[in-house]
Amino acid sequence: MVSPLASAAGRLPRWIVAGVATLAVGAIPLAALMAQPVAGSFTVQETGRSYALLQDAVAAIGDGSGTIVVAPGVYDQCAVQKAGRIEYRAAEPGTAIFDGGICEGKAALVLRGESAAVRGLTFTNMHVREYNGAGIRLENGELAIVQSWFRDSDQGLLTVNGKSNRITIDKSTFTRLGTCEGRGGCAHSIYVGDYGELEVTRSRFEQGRGGHYVKSRASRNRIANNSFDDTGGRGTNYMIDLPEGGSGMISGNWFVQGKDKENWSALIAIGAAGGKYSSDGLVIRDNDARLAPGITRKPAFIADWTGDALAIGENSLGANIKPFESR
């Protein structure tokens with residue numbers, strides 16, 4: 001059965017359709033899927049030196065700056081970046097796959113250097129006993145994610161609190177992520193703690209397996225021109241949850257709420273945990289929201305706990321979706 005978003009592909013911007021197609025499994029060569037890590041898998045672009053282990057390439061850059069080019073292959077490796085400014089880049093987007101390798105019981109990439117960028121990589125099967133295994137665990141520094149795919153894991157991106165750096169995510173896909181099985185609470189497709197600023201653009205969220213699609217405690221959030229297709233979701237909650245409030249913009253997004261929900265009462269939640277940051281002027285406009293076929297419940301498009309002066313503009317809402325609800 002084709003989802004409402006898929007059937008409406010003709011209405012979506014070309015960058016959404018192209019971005020998903022680029023990351024499709026069918027686009028990955030069979031040789032890449034079957035490859036094993038060998039000498040030369042990870043090349044530091046600036047020196048031309050190659051390594052069989054990702055951690056060795058990271059250590060070679062140390063507290064400097066460098067780019068690690070990842071050859072096509074499936075890797076059960078992981079790495080911890082303790083310093084420096086490193087870009088992790090697939091030689092060919094979509095062909096470098098990190099499958100199940102976890103460092104420090106946290107993630108495939110544990111980042112606590114000055115900055116990091118991730119381009120064209122795929123992260124899959126990231127699971128830990130605490131149910132919060134991630135493709136990327138960000139503990140310090142700025143982070144940019146471009147044209148990457150996170151799938152079939154406890155969660156995609158997880159950050160710590162207490163930082164004031166910027167996170168940007170563009171043209172990336174988040175598939176079958178999230179769970180509420182852990183004792184410490186739910187995991188999400190993206191969970192950003194009190195980290196400063198989050199920007200998510202031109203990305204796709206689909207088939208969630210629990211928790212929220214985007215949960216951010218950052219003081220400023222820009223979530224624009226993304227698609228949230230929950231038709232294949234199971235036990236999911238909000239599409240966007242800003243539990244501490246915050247400024248910024250939610251605009252140009254496509255939402256379809258699916259049938260199998262743990263919490264269907266709203267698509268966007270503002271300040272549910274008390275609203276540490278003012279949401280005065282938070283812009284929510286030019287979004288398109290629908291319910292999957294056959295659903296008759298009546299969720300709120302925006303549920304607000306803050307009472308702040310949100311800047312709600314025009315949004316296109318399908319049948320049974322209430323524009324706003326104060327809680």
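Predicted model only: the values in this text are computed from it and were never measured.
- Side-chain contact between N165 and L138 is absent, with no heavy-atom pair separated by less than 4.5 Å.
- The environment of K298 atom NZ is sparse: at most 12 non-hydrogen atoms of other residues, nucleotides or ligands sit within 6.0 angstrom.
- A donor-acceptor pair is defined here as one N or O able to donate and one able to accept, closer than 3.5 Å; no such pair exists between the side chain of Q45 and the backbone of G66.
- For the pair R137 and V160, the minimum side-chain heavy-atom distance is below 4.5 Å.
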E142 and R166: CA distance, side-chain angles, deciding distance, salt bridge (charged side-chain N to carboxylate O under 4.0 Å, His left out) verdict: CA-CA 5 Å; E142 294 193 351; R166 189 164 186 257; over 6 Å; no
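- Ion pairing between D152 and R176 holds under the 4.0 Å rule for side-chain N and carboxylate O.
- With S216 as the partner, the side-chain hydrogen bond (donor to acceptor under 3.5 Å, both in side chains) test is satisfied by one option alone out of D194, N221, T159: N221.
- Here the side chain of Q155 pairs no donor or acceptor atom with the backbone of A187 at under 3.5 angstrom.
- Within a 6.0 Å radius of CZ in R297, more than 12 heavy atoms belonging to other residues, nucleotides or ligands are found.
- At a threshold of 4.5 Å between non-hydrogen side-chain atoms, the residues M126 and F150 do not count as touching.
- Considering K259, Q257, Q207, K261 in turn, K261 is the only one that fulfils the side-chain hydrogen bond (donor to acceptor under 3.5 Å, both in side chains) rule with D230.
- The 12-atom threshold is not exceeded at CZ of R234, counting heavy atoms of other residues, nucleotides or ligands nearer than 6.0 Å.
- N315 places no side-chain N or O within donor-acceptor distance of the main-chain N or O of A289, the cut-off being under 3.5 Å.
- For F255 and F228, the distance between ring centers is under 6.0 angstrom.
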Trace of the side chain to side chain donor-acceptor pair (under 3.5 Å) decision for R290 with S316: CA-CA 9 Å; R290 298 285 184 269; S316 179; 3.3 Å; yes
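- A donor-acceptor pair is defined here as one N or O able to donate and one able to accept, closer than 3.5 Å; no such pair exists between the side chain of T122 and the backbone of I97.
- Side chain of Y213 to backbone of G208: a donor-acceptor contact under 3.5 angstrom is found.
- Side-chain atoms of S227 and D229 include no donor-acceptor pair closer than 3.5 Å.
- For the residue pair A292 and G258, the shortest heavy atom distance occurs at CB-CA, 4.2 Å.
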Worked verdict on I102 versus C78 for side chain to side chain contact (heavy atoms under 4.5 Å, CB included): CA-CA 6 Å; I102 297 284; C78 60; 5.6 Å; no
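- Side-chain contact, D154 with N132: no donor N or O sits under 3.5 Å from an acceptor N or O.
- D308 places no side-chain N or O within 3.5 Å of a backbone atom of L310 that could act as its donor or acceptor partner.
- Put simply, the side chain of E325 never gets that close to the backbone of A300: no donor and acceptor are under 3.5 Å apart.
- Around CG of N161, the count of heavy atoms belonging to other residues, nucleotides or ligands within 6.0 Å exceeds 12.
- Considering all non-hydrogen atoms of both residues, G210 and C180 come closest at C-SG, 4.4 Å.
- If you check the side chains of T175 and R151, you find no donor sitting under 3.5 Å from an acceptor.
- Shown are Q81, K82, K106, K163; of these, the side-chain hydrogen bond (donor to acceptor under 3.5 Å, both in side chains) with E139 is made only by K106.
- R202 has a carboxylate O that lies under 4.0 Å from a charged side-chain N of D170, or vice versa, which qualifies the two as a salt bridge.
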